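A quick write-up on the structure given underneath.
Treat the numbers as computed from the prediction; the structure is a model and nothing was measured.
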Amino acid sequence: EISVRDWSSDVCSSDLPFAGYRLPKDLLEAFIRTPLPVAGFRFVEEAFAAKTAVHTNNPDSDSRLNHPVFRSFAHRSALFVPMLAKDKIIGGLYVIWWTDDHHFTREEVSLVNGIARQAAIAIENAELFREVQAKAEAVKASEEKYRLLAEHVRDVIYALDPEGRFTYVNPKVEEMLGYAPEELLGRYSTDILTPPSQRRAQEIFARAARGERSEEHTSELQSRTLIS
């Protein structure tokens, strides 16, 4: 009889459980539709403050559970453990004994705290994975946007690796210089420069290799016809 709640955003006054295990079938429908109390609920707040599990085997007389939700789901014993990752509330576990009194041992509380920590790490890792995926998709969309832009401008746009070889050339190069973009990939950019520009480019790459900065410059490109 375990229910799970995810507070990976912000703690609110109440919210619906999002997972459960071995819940009584006659209570399942009502349980999944009933918001569980959080803020202002002493039983949960005590656990968050102490950062450890709290429990009771006398819910009828325990003032910490004095809440309509728990009165509507009669039970004999209860435990709540916070799920914390780097002091951030990731979620929480409710463990309920519906018909039997359960007297909690120190070993059981320690085990439940350990399970909650592992669950918190799993949720945090899942959140990080989703964030990384979202960022990767955003980068991919941005790259596609600029690729489309580069392929429809009137100028030749290219990218070079640290050694000066073409890693990208937009289609405009074929119209202006006679090269298909794929012909230039992997070739040194100096291959299509005029001799004066070749010497200038070699100086710039040499400075870059030494960690020196170079001023802006203009290079002259040779068309395929002129080179041949």
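- Side chain of Asp62 to backbone of Thr56: no donor-acceptor contact under 3.5 angstrom is found.
- In this structure, Tyr158 and Asn170 have side chains that are not in contact, with every pair of non-hydrogen atoms separated by 4.5 Å or more.
- Going from atom CD1 of Ile115 over to atom CD of Gln118 covers 9.5 Å, rounded to the nearest 0.5 Å.
- Interatomic distance, Asn125 CG to Arg130 CZ, rounded to the nearest 0.5 Å: 11.0 Å.
- With Glu183 contributing its side chain and Ala180 its backbone, the two residues share a donor-acceptor pair below 3.5 Å.
- Remark: side-chain polar atoms of Thr167 are paired, donor with acceptor, to backbone N or O of Ala159 under 3.5 angstrom.
- Rounded to the nearest 0.5 angstrom, Phe80 CZ and Arg64 CZ are separated by 12.5 Å.
- Using a 4.0 Å cut-off between charged nitrogen and carboxylate oxygen, Lys140 and Glu137 do not count as a salt-bridge pair.
- For the pair Glu175 and Lys172, the salt-bridge criterion is met [side-chain N within less than 4.0 Å of a carboxylate O].
- Ile123 CD1 to Leu128 CG: the interatomic distance, rounded to the nearest 0.5 Å, is 12.0 Å.
- Linking ILVMFWY residues whenever their side-chain heavy atoms come closer than 4.5 Å, directly or via other members, places Val112 and Phe104 in the same cluster.
- Shown here for Pro171 and Pro181, the closest heavy-atom pair between the two residues is CA-CG, 3.7 Å.
- Residues Phe48 and Tyr94 share a single hydrophobic cluster, defined by chaining ILVMFWY side chains whose heavy atoms lie under 4.5 Å apart.
- Between the Asn113 side chain and the Val109 main chain, a donor and an acceptor come within less than 3.5 Å of each other.
- Looking at Arg42 and Ser63, their side chains do bring a donor and an acceptor atom within 3.5 Å of each other.
- Between Phe166 and Val173, every side-chain heavy-atom pair lies at or beyond the 4.5 Å cut-off.
- There is no path of hydrophobic side-chain contacts, each under 4.5 Å, that joins Ile121 to Met83.
- The distance from the CZ atom of Arg165 to the CG atom of Asp191 is 11.0 Å, given to the nearest 0.5 Å.
- No side-chain N or O of His55 forms a donor-acceptor pair with one of Glu108 less than 3.5 Å apart.
- In terms of modelled atom types and a separation under 3.5 Å, the side chain of Ser189 and the main chain of Gly164 share a donor-acceptor contact.
- Leu185 and Tyr188 fall into different hydrophobic clusters, where Ile, Leu, Val, Met, Phe, Trp and Tyr residues are linked whenever their side-chain heavy atoms come under 4.5 Å apart, directly or through other members.
- To the nearest 0.5 Å, the span separating OH on Tyr168 from CG on Leu160 amounts to 13.0 Å.
- No side-chain donor from either of His102 and Asn57 sits under 3.5 Å from a side-chain acceptor of the other.
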